[in-house]
Amino acid sequence: MEKVFNPTSIEKSWYQKWEDNGYFQASGTGTPYCIMLPPPNVTGTLHMGHAFQHTIMDSLIRYKRMQGNNTLWQAGTDHAGIATQMVVERQLIADGKTRHDLGRDAFIDKVWDWKEESGNTITKQLRCSGASMDWTRERFTMDEGLSKSVTEVFVRLHEEGLIYRGKRLVNWDPVLHTAVSDLEVNSAEEDGHMWSIRYPIVGEDGYLIVATTRPETMLGDSAVAVHPDDERYKHLVGKMIQLPLTGREIPVIADDYVDPEFGTGCVKITPAHDFNDAEVGKRHNLPQINIFTIDARINDEAPEHYRGMGRFDARKMIVEDLKGEGLLEDIKDHKLMVPRGDRTHAVIEPFLTDQWYVKAEPLAKPAIEAVESGKIKFVPGNWDKTYYEWMRNIEDWCISRQIWWGHRIPAWYDDQGNIYVGRTEAEAREKNNVSADVELKQDDDVLDTWFSSALWPFSTLGWPEKTPELETFYPTSVLVTGFDIIFFWVARMIMMGMKFMDGEVPFKEVYIHGLVRDNEGHKMSKSKGNVLDPLDLINGIELEDLVKKRVTGLMQPQMAPKIEFSTRKNFPDGIAAYGTDAMRFTFASLATTGRDIAFDVGRVEGYRNFCNKLWNAARYVLSNTEGEDTGINSDDVILSTADRWIISKLQSVTTEVQAAMDNYRIDLASHAIYEFIWDEYCDWYIELSKTVLYNSEDEKVLRGTRQTLIKVLEETLKLLHPITPFITEEIWQRVAPLAGIEGDTIMLQPYPEFNQESVDKEAEADIEWVKTFLIGIRRIRGEMNISPGKPLPVLLADSSELDLQRLETNRVNVTKLGKLESITILSADDQAPESATAIVGNMKVLVPMAGLIDKDAELARLNKEKDKIDKELAKVQGKLNNPNFTDRAPEAVVNKEKAKAEEFVTSLKIIEEQITKIESL
RNA sequence: AGGCGCGUAGCUCAGUGGUAGAGCACUACCUUGACAUGGUAGUGGUCGGUGGUUCAAUCCCGCCCGCGCCUACCA
């Protein structure tokens, strides 16, 4: 083995081997365990969020697989309608073309080409992250089977009246020329103005003043509303208003919607361009006057000289014109919430169109109950509140999109505009008795991408067919996803799953993880220039390449210098090739529930070092066992105390890791293994094993230590494998034969189980004694500035039988590891020389000071120790002197405190004696 | 406006009703035959503030301060 762990050379080949050998496929035996991969955008690339999420899922899947479950990790990608179409359209624009130049069929061909070309990027990158998903079952939301599911669901919902077509206001993206759902609109506060406009009253001299943030919509006003109880305007209700600039007359109406306290208490009502106004309009039978084209330009409903103008230009002109007519009361600066499309960032326009909707409430009801009843559990639990909040106030879902890339809506129209829905055109005709000579035209629209995503848990398993996979793996075990798509995806999967799988939930648990942010807690984004690419953490990147990557293709090129500066500052040496395992371990250790993670590259480095530590431990083990007699298949061995101790400790860590994994606490699992490997196995056990391997001549003892080194390492590798698959496989391949284990891969080995028989409390206590002894010596060395290599004579005073017994079994250990020259046992009568002291229980470990130790330094050391114990003792005694405590606290707690007090008193006594002794020198 | 969450060492974060922990960073010493991507020892915290419950609160409850997110919004 190489001296230094080199991830690149290790990781190369394993994934291919695993995949080629079919290790990722469900075994067909054991309890079914299934995770659905949240399908990434087929034309996308891997980002930190994926890497984080996939680390969690892969750790769970590998863990469950090793435990003997029938595990399926369902792979696949999403067609991501709008996002993908935009990418291809952008490519066309580069050639000076639009999709309309190509026509629908040619354009869709082009998108498929692009999907083929780039679609493998994401799946290749997924493989780099070690994700053990079943590629043989890979699905795409627009492949044949899934498209069939989509049609089936649409038709069935339509038959039940749960999908309908309606004309109403939608969120319209004037750049994309499509409707989008509420969820695809993000509102944010922006600076704007509030214009107050005078609306003359017909037949009177006065006017009403209305305030608006969107003066251009006045062209579509149908009324002015006041509050019914507003005394100021009561007399005007029913009168008419001369709507400026249009020549139209509109009524004054009374409606509770108006807040009399706000502004003048008069509101212009524009039912075709505002969601609230539409409601008011409905109540008062007001006409909806649409004044916009699909580009949000003024249409022919408006006075001629505004026609064709963009909405923002029209706004300017209208304000000017009002000013010219003396109808502009005033203009104030005003902050308002501006809705923008999440893809285009264009201001979304409430727009009157015909769209398809899913009636949400009947579907939401059982979906709410599924969570209330505990059939679906959120982890962490508090996310159910978010879910309920959304589901209980759910609005009908607009599912039609006026784009080309997606599942075309299975509805046909005749020339009278009648609608016929069917799985095919033929079925649509048949069901509705439409004869063959009537010409039908299919709806041009496609479905919202999330419509097909909502079916993912059962469509990928073969629904509507009753496949064995569906039978076996539905309901799936856990869904791992970010809170940002609870509404987009999780809620809709639950609704659709309950609906089409006979009330069965799509998954039993939903593990919600946080967002991956940069090391300062900021959201990673191209425009901020703080994006990390998981592949760069794995493979490394030179500074210059990193800078280049971050500053090219910026929407705001003026940010480039700032980004370059911070990049050079944060990564002066670029990024080292830390490897997949180190990256995964980092994500695992940060995977605490319910919290975003601030990703610090320093952590990755630390865990790369951990990999190196493990690597070198393995190197030590192998170099001392390969070609040696390990007695692996014989009982003719003697286990040392240290052997029995580490085996016992292995049981604890196994329990701890399993408990953590079972509770989705991958962070705790990774910490437990980290500590075991570094702090127990490497720091203590390997060091203790050296005293055997380098000194013992007893073959049985040697065999015992050799086989313990091997066996514990082998088990530890298995414990760790779900988190860091590559390094564990690489080492395991060398270690397993020595451990007498057959198998082609660590992946399919049984996961370690707690074994009561291996628990050895006596050995644990013995090694604790050794540790205390050695730490005491090291402290004296460290604080007295005694060189680590200098052999020390040591005296033991007040030693008990047990101490002496432990000394005998561990004499070599303490001598070698403590670099002791000699150990002398003092009897009660012996006069101890002036010494530095360490305390092991009731025993004093003395290092004579002659020529070694500085008096003042030792006094300082002792006094520091004394202060510490004084404080602790005072605390404990305070408790014990409080009758409330001794009376009311549980006996066990009181006894514990008493024991502590005794211990402190003893230690204090020893230390005080020492202080007196040394002071008198 | 409503909801959720966070505030623990310089930084990033665990944690527990009963002596505050880790990684990184920092200080000193050490190239000892797995590993300097290392070893040994050490520095560092009134656990945001304030009341309450309790024998005992960093942990449970109330209020306050600061920060973040989500949902819905008054033209």
Side-chain angles (χ1 to χ4, degrees), chain A residues 1 3-5 182 187 194 210-214 217 225 257-259 261-270 274 276-277 334 336-337 380 382-383 385-386 388-390 393 483-484 486-487 514-515 519-521 576 578 582 586 589-590 592 594-600 602-603 605-624 665 667-668 671 674-675 679 682-683 686-687 690 694 774-775 778-789 819 868-869 871-873 875-876 878-879 882-890 892-894 896-897 900 904:
Chain A
M1 288 172 83
K3 188 173 171 183
V4 173
F5 160 67
D182 297 343
S187 293
M194 178 81 83
V210 301
T212 180
T213 54
R214 301 201 53 197
T217 63
Y257 161 69
V258 180
D259 174 3
E261 305 295 320
F262 188 91
T264 57
C266 302
V267 186
K268 63 192 268 312
I269 300 297
T270 321
D274 182 280
N276 289 312
D277 290 7
H334 182 74
L336 71 161
M337 296 297 277
N382 51 289
W383 285 107
K385 291 200 181 64
T386 307
Y388 290 140
E389 179 63 23
W390 161 258
N393 298 296
F483 60 81
D484 48 333
I486 290 179
F487 307 143
L515 255 42
N519 60 336
E520 289 172 10
Y578 295 118
T586 308
S589 71
L590 292 169
T592 58
R595 191 169 181 144
D596 286 352
I597 64 177
F599 195 90
D600 182 0
R603 283 293 279 249
E605 188 178 337
Y607 293 124
R608 188 273 317 263
N609 295 352
F610 168 69
C611 290
N612 186 56
K613 188 78 180 173
L614 174 63
W615 182 259
N616 277 288
R619 232 160 51 89
Y620 166 82
V621 173
L622 290 169
S623 72
N624 283 290
R665 291 305 304 267
D667 58 327
L668 298 183
H671 294 156
Y674 183 100
E675 277 172 28
D679 300 342
C682 291
D683 283 356
I686 284 185
E687 294 310 317
K690 288 175 184 172
Y694 298 164
L774 287 170
I775 287 168
R778 285 174 187 165
R779 256 212 190 116
I780 291 171
R781 275 189 201 276
E783 292 174 28
M784 298 293 108
N785 282 324
I786 302 169
S787 111
K819 298 243 165 55
K868 210 165 129 192
I869 299 174
K871 263 187 219 160
E872 299 297 344
L873 184 60
K875 222 189 264 180
V876 176
K879 274 188 192 177
N882 180 354
N884 280 328
F885 172 71
T886 46
D887 293 350
R888 302 203 199 187
V893 174
V894 177
K896 212 170 141 194
E897 294 298 310
K900 263 196 278 178
F904 289 144

Base partner of B:rU40, which must satisfy Watson-Crick or wobble distances under 3.5 Å:
B:rA28
Across every strand shown, the nucleotide meeting Watson-Crick or G-U wobble geometry with B:rG23 (both distances under 3.5 Å) is B:rC11
Mind checking who B:rG33 pairs with, Watson-Crick or G-U wobble, both distances under 3.5 Å?
none
Within the distance-only criterion (no hydrogens, no angle test), does the side chain of A:N393 pair as donor or acceptor with the backbone N or O of A:E389 below 3.5 angstrom?
yes
How long is the straight-line distance from CZ of A:F5 back to CZ of A:R608, given to the nearest 0.5 Å?
8.5 Å
Among B:rA34, B:rC74, B:rC13, the one nearest A:C682 by side-chain distance:
B:rA34
Tell me the partner of B:rC67, counting only Watson-Crick (N1-N3 plus N6-O4 or O6-N4) or G-U wobble (N1-O2 and O6-N3) with both under 3.5 Å; none if nothing fits.
B:rG5
Compute the centroid of each ring, for A:Y607 and then for A:Y578, and state whether the two points are separated by less than 6.0 Å.
no
Taking N and O atoms by type only, does the side chain of A:E897 place a donor or acceptor under 3.5 Å from a partner on the base of B:rA56?
no
Contact class for A:K819 vs. all strands (heavy atom < 4.0 Å): base, sugar-phosphate, or nothing?
nothing
Contact class for A:A598 (heavy atom, under 4.0 Å): base, sugar-phosphate, or nothing?
sugar-phosphate
From the set B:rG18, B:rA75, B:rC6, return the single nucleotide nearest to any side-chain atom of A:R595.
B:rC6
Reading nucleotides 37-47 of chain B from the 5' end, what letters show protein touch, with B for base, S for backbone sugar-phosphate only, - for no heavy atom under 4.0 Å?
BSSSSSS----
Indicate, with a heavy-atom threshold strictly under 4.0 Å, whether A:E389 touches base, sugar-phosphate, or nothing.
nothing
Across all strands shown, which nucleotide pairs with B:rA75 by Watson-Crick or G-U wobble geometry, both distances under 3.5 Å?
none
With centres under 5.5 Å and planes under 30° as the test, does A:Y694 stack with B:rG33?
yes
Name the nucleic acid region contacted by A:F904, choosing base, sugar-phosphate or nothing; use a 4.0 angstrom heavy-atom cut-off, strictly under.
base
So what's B:rG51 paired with, Watson-Crick or G-U wobble, going by both distances under 3.5 Å?
B:rC61
Closest of B:rA34, B:rU12, B:rC70 to the A:R603 side chain is B:rU12
Nearest-angstrom distance from the residue atom CG of A:N393 to P of B:rC73
11 Å
Of the nucleotides B:rG18, B:rA34, B:rC74, which one has an atom closest to the side chain of A:F262?
B:rC74
